[in-house]
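Worksheet: one structure, shown below.
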Amino acid sequence: MVLLGAGCGIPAASDVRVDGKGGAATEAGVISRGSEPPTRTASGTVQEVFVRNFLSAAAGEPDRAYERVKAFVAPEDKIRLQDKKGSEVALNVVRLREAIYTLNTDLTTTVTITVQQIGVLRANGTLAPPVATETEYEFGLRSASFDGGVDDDRAGLYIINPPNVLLLSDTALRQYYQDETIYFWSSDRTRLVPDQRYRPQAVPIERRVNEVVKWLVGGPSDWLRPGVVGLPDRTELINNATGGNGRWEVNLDMPSDDQNGIDQLITQIAWSLGDLPGQLELKIRNNAQPAVDLVERRNSHALYPHAASPLRFGVYDGAIHPLDFEGEPSGTVPLAPEVNRNVVSASLGLAKDRRILAAMVVTGSKNRYRLAVGTGVEPVSVLSRSSTEYSSISRPVWLRMVDSRPGRGLVVADGQLYRFDETARMYQMPLNLPSAEVTAVAAALDGQRVALIAGGRLYVAAVNLDGGGVSIGPPRELVTSLTNPTAVDWGREDQLVVAGSVGQPAIYEISVDGALETPLRTDLGAKVNHLTAYPSNRGVRAPSGAYMYEVNGVAYRSSPFERIEPKQVRGIAPVPAGVRPSNPSAPFFLY
């Protein structure tokens with residue numbers, strides 16, 4: 001019996017970040033290295049490698065998924081896998097925990113793999129929540145030359161008694177797919193909202209435009225649907241999108257000729273094609289629109305209007321102070337001194353008209369807390385306070401606006417999620433969750449998506465801002481290696497930074513669907529009770545990987561990883577000799 005662990009191979013303490021985004025487009029028809037999973041015989045008779053390759057075999061274009069997997073299955077057992085075609089193909093993405101190999105007397109091997117179900121990869125590139133509940137699969141291995149009685153390495157191995165589903169490991173998902181970001185207009189049509197997809201790397205580059213347009217026509221991911229709008233009903237792609245050499249033609253059958261809607265669609269396509277250069281010629285029922293330069297369209301229609309490079313702040317002795325680091329810009333506190341008192345944690349934001357949006361947790365009476373909110377031109381000198389005191393309040397977050405509507409935010413108080421306005425009025429937000437106790441909330445840069453921790457589980461949900469209100473769609477739980485998450489923030493458009501445990505306290509970067517995860521810190525020593533990140537994006541070319549956190553009353557930053565010292569807090573009085581200085585706490589970014 002041989003037991004194979006499923007290690008990730010990443011150092012225990014690391015600031016490594018895996019972006020996953022491709023570089024410049026390659027020549028049409030060229031398939032990048034590693035785009036096709038290994039063949040059945042590539043592993044010879046090395047069982048561990050063969051099983052790993054078997055869990056990669058389904059990767060690639062959906063139409064041939066069953067063909068690729070059946071190539072690994074013994075001829076007498078191929079009938080156990082019932083083929084599905086095209087859009088019906090769905091891959092069960094699993095995280096391999098361990099594999100046990102047991103040699104049998106008939107010289108076959110029984111393999112038992114323990115897995116974590118991550119989700120279902122659909123033909124449209126979305127990763128839906130898992131449907132299967134199995135935590136183990138069992139199948140057999142035999143020599144491909146078994147009938148001849150000769151153990152020939154060149155003949156390789158076969159799977160016998162295969163699982164009756166298509167399995168794909170998370171490692172194969174990362175290796176053989178390109179994670180892509182496409183965009184849908186928010187429900188009020190004021191901004192574009194990211195949606196994550198996976199494109200097989202085996203798809204030639206000249207088909208990338210076609211795949212992206214098909215995704216847009218098919219509509220958003222299920223969990224994102226409550227906060228965005230898809231293309232008009234009955235929109236269809238006429239033939240395939242064609243082109244090459246820097247010119248792309250897309251022909252759609254749309255029920256509407258609204259020119260403003262068509263212009264928004266062109267912007268949507270331009271951003272959904274990533275950094276692809278060239279000219280886009282959009283046709284509506286064969287009627288051509290003027291050709292648009294993709295780069296110029298992205299430059300003239302900002303993805304995140306009035307976004308700014310981040311400034312670091314923290315709390316020291318109950319007041320907000322700038323944090324100074326070499327090589328980084330540093331700001332001034334946008335609050336008047338008389339209101340910058342008794343602060344526990346804070347969130348500062350910039351409105352479209354450059355007003356300051358300040359939301360703070362401040363001390364109340366008898367170890368209780370209030371929410372304090374102030375807005376206006378810098379410096380903000382008047383605060384409104386919540387009418388109720390609470391035994392616990394999380395760091396508040398603002399929902400970023402791209403227009404002149406009043407600011408709105410979210411905060412957790414005594415285990416319940418609330419929205420708040422510029423006057424600190426708080427309104428409880430209903431959530432359809434197994435556990436009603438919410439412990440953390442974070443808002444994406446687009447203001448239309450949130451991450452939540454409730455009942456010790458991690459969720460994402462869409463935000464709908466129609467009609468001047470705020471509602472949150474059904475949350476989607478993310479399946480991750482982390483347990484007991486304690487803090488979360490958005491690190492990128494499609495990635496969360498999450499603190500939890502993997503046997504010991506750790507911080508991971510986790511994709512918005514839970515499939516791709518990268519350890520950032522695994523040597524924390526104690527639970528993280530505060531975490532903040534700057535959501536790097538394609539609008540502001542700031543360094544990625546910026547996050548800060550607090551453990552046991554001590555604050556740290558990443559990139560480089562180091563403790564935040566009192567000497568990096570600007571504007572504090574010198575500490576007398578022999579007196580131990582306070583620790584900076586609750587760091588955050590202003591952007």
Side-chain angles (χ1 to χ4, degrees), residues 93 95 116-120 126-131 133 170 187 193-196 220-228 392 394-400 409-419 428-465 470-502 506-517 527-533 535 547:
V93 181
R95 187 169 287 120
Q116 182 183 41
Q117 299 282 351
I118 298 176
V120 177
T126 61
L127 187 74
V131 175
T133 58
D170 63 327
S187 52
V193 182
D195 191 11
Q196 187 166 22
S221 298
D222 293 342
W223 74 272
L224 193 61
R225 199 173 296 272
V228 300
S392 66
S394 73
R395 185 176 74 92
V397 295
W398 289 99
L399 295 173
R400 192 174 183 86
L410 297 171
V411 67
V412 177
D414 289 351
Q416 301 294 322
L417 181 66
Y418 292 86
R419 67 176 173 91
Q428 189 171 339
M429 301 288 292
L431 293 172
N432 184 19
L433 291 174
S435 172
E437 184 176 1
V438 184
T439 53
V441 62
L445 187 60
D446 50 81
Q448 298 283 157
R449 300 172 299 158
V450 294
L452 301 159
I453 297 175
R457 297 180 178 181
L458 179 64
Y459 299 88
V460 290
V463 176
N464 189 305
L465 300 174
V470 178
S471 61
I472 294 180
R476 172 184 171 173
E477 182 179 356
L478 304 187
V479 182
T480 79
S481 296
L482 281 179
T483 59
N484 301 315
T486 58
V488 62
D489 207 350
W490 292 79
R492 286 188 281 166
E493 283 186 327
D494 55 359
Q495 301 281 339
L496 303 171
V497 180
V498 187
S501 177
V502 283
I507 296 177
Y508 270 44
E509 185 180 65
I510 298 173
S511 62
V512 73
D513 53 22
L516 306 178
E517 53 182 35
K527 181 178 73 173
V528 174
N529 56 17
H530 175 93
L531 174 68
T532 182
Y547 65 95

Check: What pair of heavy atoms forms the shortest contact from Val441 to Ser394, and how long is it?
Finding: CG1-OG, 4.5 Å
Check: How would you list all residue pairs meeting salt bridge (Lys or Arg N to Asp or Glu O under 4.0 Å) that involve residues 429-446, not counting sequence neighbours?
Finding: Asp446-Arg449
Checklist line | Listed partners of Asp222 passing salt bridge (Lys or Arg N to Asp or Glu O under 4.0 Å), at least two apart | finding: Arg122, Arg225
Next item on the list: Any salt bridge (Lys or Arg N to Asp or Glu O under 4.0 Å) involving residues 477-487? Give me the pairs, sequence neighbours left out, ordered by first then second residue.
Entry: Arg457-Glu477
Check: Which of these, Pro220, Ser187, Pro194, sits in a side-chain contact (heavy atoms from CB on, under 4.5 Å) with Val228?
Finding: Pro220
Next item on the list: Examine distances only and state if a side-chain atom of Glu517 and a backbone atom of Ser481 form a donor-acceptor pair shorter than 3.5 Å.
Entry: yes
Item checked: Partners meeting salt bridge (Lys or Arg N to Asp or Glu O under 4.0 Å) with Arg476 (sequence neighbours left out) -> none
Check: Of the options Leu458, Leu482, Thr439, which is the one that meets Val488 in a side-chain contact (heavy atoms from CB on, under 4.5 Å)?
Finding: Leu458
Note to self: Looking at every heavy atom in both Val497 and Gly491, which two are closest together, and how far apart are they?
What the structure shows: CG2-CA, 3.9 Å
Check: For the atom pair CG (Asp489) and CG (Leu531), what is the distance rounded to the nearest 0.5 Å?
Finding: 6.0 Å
Checklist line | Side chains of Leu445 and Trp490 in contact at under 4.5 Å (non-hydrogen atoms) | finding: no
Check: Any donor and acceptor pair, going by atom type alone, linking the side chain of Asn464 with main-chain N or O of Gly227 inside 3.5 Å?
Finding: no
Margin query: Could you work out, with side-chain contact (heavy atoms from CB on, under 4.5 Å) as the rule, every residue matching Ala515, not counting sequence neighbours?
Written below: Ile118, Leu127, Leu173, Tyr198, Ser511, Asp513
Margin query: Can you tell me how far apart CD1 (Ile510) and CG (Leu496) are? Round to the nearest 0.5 Å.
Written below: 7.0 Å
Note to self: Quick one: does any side-chain atom of Thr483 pair with a main-chain N or O of Ser501 as donor and acceptor, under 3.5 Å?
What the structure shows: yes
Margin query: Tell me every residue that passes side-chain hydrogen bond (donor to acceptor under 3.5 Å, both in side chains) with Thr126, counting only those two or more places apart in sequence or in another chain.
Written below: Asn124
Next item on the list: Output all residues satisfying side-chain contact (heavy atoms from CB on, under 4.5 Å) with Ala461, sequence neighbours left out; order by chain, then residue number.
Entry: Val450, Ile472, Pro475
Next item on the list: For Thr486, enumerate each residue passing the side-chain contact (heavy atoms from CB on, under 4.5 Å) test, keeping only those at least two apart in sequence or located in another chain.
Entry: Ala499, Lys527, Val528
Next item on the list: State which residues pass side-chain contact (heavy atoms from CB on, under 4.5 Å) with Val470; sequence neighbours excluded, sorted by chain then number.
Entry: Leu399, Arg408, Arg419, Met429, Val463, Leu465
Notebook entry, point to check: Got a second to check how far Gln116's CD is from Asp170's CG, nearest 0.5 Å?
Noted result: 9.0 Å
Item checked: Closest non-hydrogen atom pair, Val479 against Pro130 -> CG2-CG, 4.1 Å
Item checked: OH-CG distance between Tyr459 and Leu431, expressed to the nearest 0.5 angstrom -> 10.0 Å
Next item on the list: Report the C-alpha separation of Thr480 and Val498 in whole Å, then their side-chain angles, then the decisive distance to 0.1 Å, and conclude whether the side chain to side chain contact (heavy atoms under 4.5 Å, CB included) test is met.
Entry: CA-CA 10 Å; Thr480 79; Val498 187; over 6 Å; no
Check: Shortest non-hydrogen contact from Ala487 to Ile453?
Finding: N-CD1, 3.4 Å
Margin query: Could you work out, with side-chain hydrogen bond (donor to acceptor under 3.5 Å, both in side chains) as the rule, every residue matching Ser221, not counting sequence neighbours?
Written below: Asp195
